[in-house]
Amino acid sequence: MSASKFQQQSMLTLRGSLLSLAILTFVSLTYLSLNSLHSSFSSSAQSSPAAISASGKQIIQPEDEEAGRSDGDDEITDLYHYPEVFKLNYAAMEENFKVYIYPDGDPKTFYQTPRKLTGKYASEGYFFQNIRESKFRTEDPDQAHLFFIPISCHKMRGKGTSYENMTIIVQNYLDGLIAKYPYWNRTLGADHFFVTCHDVGVRATEGVPFLVKNAIRAVCSPSYDVGFIPHKDVALPQILQPFALPAGGNDAENRTTLGFWAGHRNSRIRVILARVWENDTELDISNNRISRATGHLVYQKRFYKTKFCICPGGSQVNSARITDSIHYGCVPVILSNYYDLPFNDIIDWNKFAVVLKEKDVYQLKQILKDIPHEKFLELNKNVAKVQKHFQWNSPPVKYDAFHMVMYDLWLRRHVIRY
């Protein structure tokens, strides 16, 4: 072999060796970099968990366990369908959610402000007041995720307006907003909502079909068989405030009565409930409301002594007894068909209530007696944990009824605007 060929082969061998060394070096450095990045990320995640809000901003989570327990976050447990998702979405809502309230309408008539904050329509009144007290309100419609139509059917009822005239008033008000502003027509109302409690709002708005079909309805009568659309509309809890007595709960040893209900027979299920069980020795079932003449707050005090409080639907699927039961620490027994329970997409009602069909009324006592004592203790404990979600405050506070309704609205904010 000539010296020239030998030199060429040597050069090729050297190049091959250098190339192999370069490849090995690149692979090693890549592995070390990825391993370092993974360690860094894991360490960072353990020391300071973070989430990304809807605006793209980072939400830094508490660095220590005690900090993470502020504002009741330690109670975001398996009572919720997806606890961590709820916490992160709730934080994003608090940071970003904006609602524009149409300014039209005289507050002295049917618009803008609540009629009162008591009685069976209190939830409507509190929402009208809370939305103005909250940081969710914006004066700039271009910033708004949703638009609030501030017409109060409760005010109309208070002024003696007939249902027919209520419908005309709602129709005229909405026509005026559509003619004056461009926002409704961008989505045909899909990013608009209105709030009304009990049956008045249902009857007043059912004659305005494009409002009921397109806008989000936050209503106290969320029945599947009267046009309520669960993935669009919001179930508003019916809460009679102020409560007459303090909250109960975590007091299972004081509850000796198996079940309790007292009220008017203004629905088929209530008639059957009273007929079948009013003479039972273990179920305390009264065929009428308890007279005040029997003593001070006798009705409310019955809740404290009872394990399971029966909540049959009345003229509508809902009943204020549900939130009364929760407040007084009595496990609610839902006895109503086609009822979309408030916050049902957030909290698991089976963890703190007994949900039955109306046909179960005939086996009611046996169903309740078959619930193991350990299960009852768990339900009783969990009722106390959800009480904060079923109370209105002024101004509103974190995780209360107002914020839970706003969270449900926040989940429904995504629409395409044309």
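Index from 1, following the sequence.
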Regarding [X] and [Y], is there a side-chain donor-to-acceptor distance under 3.5 Å anywhere?
X	Y	answer
Ser394	Gln129	yes
Lys155	Thr113	yes
Gln363	Asp360	no
Gln241	Thr118	no
Asp324	His327	no
Tyr126	Asn393	no

Heavy-atom distance under 4.5 Å between the side chains of [X] and [Y], does that happen here?
X	Y	value
Thr205	Phe194	yes
Asn96	Trp410	yes
Glu278	Ser286	no
Phe343	Pro237	yes
Val354	Ile371	yes
Tyr173	Val170	no
Met93	Asn89	no
Ser123	Tyr121	no

>> Is it the case that atom NZ in Lys351 sees more than 12 heavy atoms from other parts of the structure closer than 6.0 Å?
In response: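 Atom NZ in Lys351 is crowded, with more than 12 foreign heavy atoms closer than 6.0 Å.
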> Near Lys359 NZ, under 6.0 Å, is it more than 12 heavy atoms from other residues, nucleotides or ligands?
Replying inline: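 Atom NZ in Lys359 is not crowded, with 12 or fewer foreign heavy atoms closer than 6.0 Å.
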Could you tell me the separation between the [atom1] atom of [X] and the [atom2] atom of [Y], rounded to the nearest 0.5 Å?
X	Y	atom1	atom2	result
Asn382	Ile326	CG	CD1	11.5 Å
Asn266	Ser319	CG	OG	9.0 Å
Leu411	His414	CG	NE2	8.5 Å
Arg137	Lys98	CZ	NZ	11.5 Å
Thr306	Arg302	OG1	CZ	8.0 Å
Arg132	Phe127	CZ	CZ	10.0 Å

> Which of these, Phe390, Phe303, Phe260, sits in a ring-ring contact (aromatic ring centres under 6.0 Å, His included) with Tyr328?
Replying inline: Phe303
> Do you know which of Trp349, Phe402, Tyr80 makes ring-ring contact (aromatic ring centres under 6.0 Å, His included) with His389?
Replying inline: Tyr80
>> Taking Arg417 first and then Asp191, would you say they form a salt bridge - that is, a charged N and a carboxylate O separated by under 4.0 Å?
In response: yes
> Does the distance from a Lys or Arg side-chain N to an Asp or Glu carboxylate O, for Arg413 and Asp408, drop under 4.0 Å?
Replying inline: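 Salt bridge absent between Arg413 and Asp408.
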> Are the aromatic ring centres of Phe148 and Phe128 under 6.0 angstrom apart?
Replying inline: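 Yes: the rings meet the under 6.0 Å criterion.
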>> Using ring centroids (six-membered ring only for Trp), state whether Phe193 and Phe147 fall under 6.0 Å.
In response: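 Judged by ring-centre distance (under 6.0 Å), Phe147 and Phe193 do not meet the cut-off.
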Which pair of non-hydrogen atoms, one from [X] and one from [Y], has the smallest distance, and what is that distance?
X	Y	value
Ile269	Pro312	CG2-CB, 4.0 Å
Gln387	Ala247	OE1-CB, 3.8 Å
Ala353	Val331	CA-CG1, 4.0 Å
Arg217	Asp233	N-OD1, 3.0 Å
Met156	Ile169	CE-CG2, 3.8 Å
Pro395	Glu133	CA-OE1, 3.4 Å

Parallel, tilted or perpendicular, as decided by the 30° and 60° cut-offs, for the rings of [Y] and [X]:
X	Y	value
Tyr181	Tyr102	tilted
Phe210	Trp184	perpendicular
Phe86	Tyr399	tilted

>> Quick one, Asn380 with Phe352, criterion side chain to side chain contact (heavy atoms under 4.5 Å, CB included). Give me CA distance, side-chain angles, the key distance, then yes/no.
In response: CA-CA 7 Å; Asn380 177 255; Phe352 61 92; over 6 Å; no
Check: [X] side chain, [Y] main-chain N or O, donor-acceptor pair, under 3.5 Å:
X	Y	answer
Trp261	Arg270	no
Ser162	Asn165	yes
Thr257	Gly259	no
Asp251	Asn254	no
His403	Val397	yes
Lys232	Ala215	yes
Thr167	Gly207	no

> Cation-pi between Lys307 and Phe376: NZ/CZ under 6.0 Å from ring centre and within 45° of the ring axis?
Replying inline: yes
> Passes side chain to side chain contact (heavy atoms under 4.5 Å, CB included), Asp400 versus Gln391? Steps please.
Replying inline: CA-CA 6 Å; Asp400 68 359; Gln391 180 164 335; 5.6 Å; no
>> For Ile347 and His81: C-alpha separation, side-chain torsions, deciding distance, then whether side chain to side chain contact (heavy atoms under 4.5 Å, CB included) applies.
In response: CA-CA 6 Å; Ile347 54 179; His81 294 299; 5.9 Å; no
> What do the steps show when you test Glu124 against Ser152 for side chain to side chain donor-acceptor pair (under 3.5 Å), and what is the final call?
Replying inline: CA-CA 8 Å; Glu124 177 182 319; Ser152 172; 2.7 Å; yes
> Can you list the steps and then say if Leu377 with Lys381 is a side chain to side chain contact (heavy atoms under 4.5 Å, CB included)?
Replying inline: CA-CA 6 Å; Leu377 294 177; Lys381 181 180 179 180; over 6 Å; no
